[in-house]
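Okay, so here's the structure we're looking at.
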Amino acid sequence: MSFSSKILDWYHENKRSLPWRKSTDPYKIWLSEIILQQTRVAQGTPYYLSFVENFPTVYDLASANEEQVLKLWQGLGYYSRARNLHAAAKMVVEQYNGKFPDNYKKLLTLKGVGDYTASAISSICFNEAQAVVDGNVYRVLSRYYGIDTPINSTEGIKYFKSLAQKVMDPANIRDYNQGIMEFGAIQCSPKKPLCLHCPLNDSCVALEKGLVDTLPVKLKKVKVRNRYFNYLIPIYKDADGNQFTSIHQRIGKGIWQNLWQFPLLESDDVLEIDDISIRYKEVLGDMKSNEVIAYNVNAIVHKLSHQHLHTKFWLVYINDDFANKIPVEEISDFPVPVLIADFIKAFKF
DNA sequence: AAGGCGGGGAG
DNA sequence: CTCCCAGCCTT
């Protein structure tokens, strides 16, 4: 039996019931695929349900504010996906008259849709014979065929796409594509794959040669940069007892683009109370304070894949009214990074 | 060709 | 702790 036949048989026996599998509506499949990029099914599923609920059609998504989209995306990470999702929805409405592109080539024109996602949508929704190549597929193919070309090299990317295209089952591409990914996620997992009762264990090169633990090969590892964040939380209470603070949007490049945060003083090293008492004006301008209190003494280390953010929150009690103040009840309306959301949750204003 | 971009779960 | 997840975009 061929590789693809075994994958298909395995899939029919083992496929999970997932929300997006109840539909071939390209809008919903696209939503699920963007959400699941570099994201586990368990983490992405509640976000998928929330997006379908809040934006039932591409028109609803296109006419939303970016703010709403980012707020729903909050906590999922890789926020460019949310910005591109919103931009692509507008493209579908404006350039494709609200009708989702129905082939691989056109799908690639959408923001945030690359080779993998265009292949997934075109195969699942339109039966186009495009083999998907995601992290699961790299692992399954590299092991089964014993390929040690680095999966993230230019050569490897090209090689695995053509190999995937060669071994797929074009007549059953919808199930085959989902099947090989599911197989990679459940059976041929990164750690401790279930080789003992694997339907491919009589012909898997990696198993035969004892290379299961060394394949796939991946180049380099990301270097982590340490950064030192000091969030200054202005706290002002007016004569009526209403509390206010300040929050603003991150602009430009870098992490958390277009999300919101408290005034930030970034430094070259950990700062202490004496440093903050002198330097808080650098970010709070002419706000007058008579008291600065450390919220946390030891820096919280918020870990991104490529940065470690050593973070201290400082409570800066403000004496006088100031411009652009925000009632504290409104801060939950803003899309914020998890680091900020955790603070807001723990610190009850 | 290489680097930037989140957050969380598994081992 | 390390690895990596239904990747894409920019430089």
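In what follows, chains are A, B, ... by sequence order, proteins preceding strands, each numbered from 1.
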Can you list the residues that meet the salt bridge (Lys or Arg N to Asp or Glu O under 4.0 Å) rule with A/Glu67, with sequence neighbours excluded? none

So A/Leu215 and A/Arg139, do their side chains get closer than 4.5 Å, heavy atoms only? no

Quantified in whole Å, what is the P atom distance between nucleotide C/dA6 and nucleotide B/dG3? 25 Å

Listed by chain and number, what are the salt bridge (Lys or Arg N to Asp or Glu O under 4.0 Å) partners of A/Glu272, not counting sequence neighbours? A/Lys312

Could you work out, with salt bridge (Lys or Arg N to Asp or Glu O under 4.0 Å) as the rule, every residue matching A/Asp115, not counting sequence neighbours? A/Lys161

C/dC9 versus B/dG8 - spacing of their C1' atoms, nearest Å: 23 Å

Can you give one letter per nucleotide of nucleotides 6-11 of chain C, going 5' to 3': B for a protein heavy atom under 4.0 Å from the base, S for sugar-phosphate only, - for none? BBSS-S

Rounding to an integer number of angstrom, what distance separates C/dC8 and B/dG9 when you compare their C1' atoms? 23 Å

Whole-Å distance between C/dC4 P and A/Lys303 NZ? 17 Å

To the nearest Å, give me how far apart CG (A/Asn152) and C1' (C/dC5) are. 15 Å

Closest-nucleotide ordering on DNA chain B, the 5'-leading residue of A/Lys191 and A/Lys223: A/Lys223

With A/His197, which residues qualify under side chain to side chain donor-acceptor pair (under 3.5 Å), at least two apart? none

Considering only heavy atoms, which members of residues 333-346 of chain A lie under 4.0 Å from some atom of DNA chain B? A/Pro337, A/Val338

Check whether the ring centres of A/Phe3 and A/Tyr144 lie less than 6.0 Å apart, and answer yes or no. yes

Considering every strand and a 4.0 Å limit on heavy-atom distances, what is the contact class for A/Gly44: base, sugar-phosphate, or nothing? nothing

Which part of the nucleic acid does A/Gln307 contact within heavy-atom distance under 4.0 Å: base, sugar-phosphate only, or nothing? sugar-phosphate

What nucleic acid atoms does A/Leu76 come within less than 4.0 Å of, heavy atoms only: base, sugar-phosphate, or nothing? base

Can you give me every donor-acceptor pair (side chain of residues 43-56 of chain A, partner residue at least two apart or in another chain, under 3.5 Å) with its distance?
residue: A/Thr45; atom: OG1; partner: A/Val41; partner atom: O; Å: 2.6
residue: A/Tyr47; atom: OH; partner: A/Gln74; partner atom: O; Å: 2.8
residue: A/Asn54; atom: ND2; partner: A/Ser50; partner atom: O; Å: 2.8

At the 4.0 Å heavy-atom cut-off to chain A, mark where contacts on DNA chain B begin and end, going 5' to 3'. B/dA1 to B/dG9

DNA chain B: 5'-proximal contact among A/Tyr79 and A/Glu155 (nearest heavy atom): A/Glu155

Could you name each residue pair satisfying side chain to side chain donor-acceptor pair (under 3.5 Å) that touches residues 56-65 of chain A, not counting sequence neighbours? A/Thr57-A/Asp60, A/Asn65-A/Gln68

Scan for side chain to side chain donor-acceptor pair (under 3.5 Å) pairs involving residues 339-349 of chain A, sequence neighbours excluded, and state none if there are none. none

According to salt bridge (Lys or Arg N to Asp or Glu O under 4.0 Å), who are the partners of A/Arg16, at least two apart in sequence or on a separate chain? A/Glu182

Return all side-chain donor-acceptor pairs below 3.5 angstrom for residues 325-339 of chain A, not counting sequence neighbours, or 'none' if the list is empty.
residue: A/Lys325; atom: NZ; partner: A/Asp321; partner atom: OD1; Å: 3.1

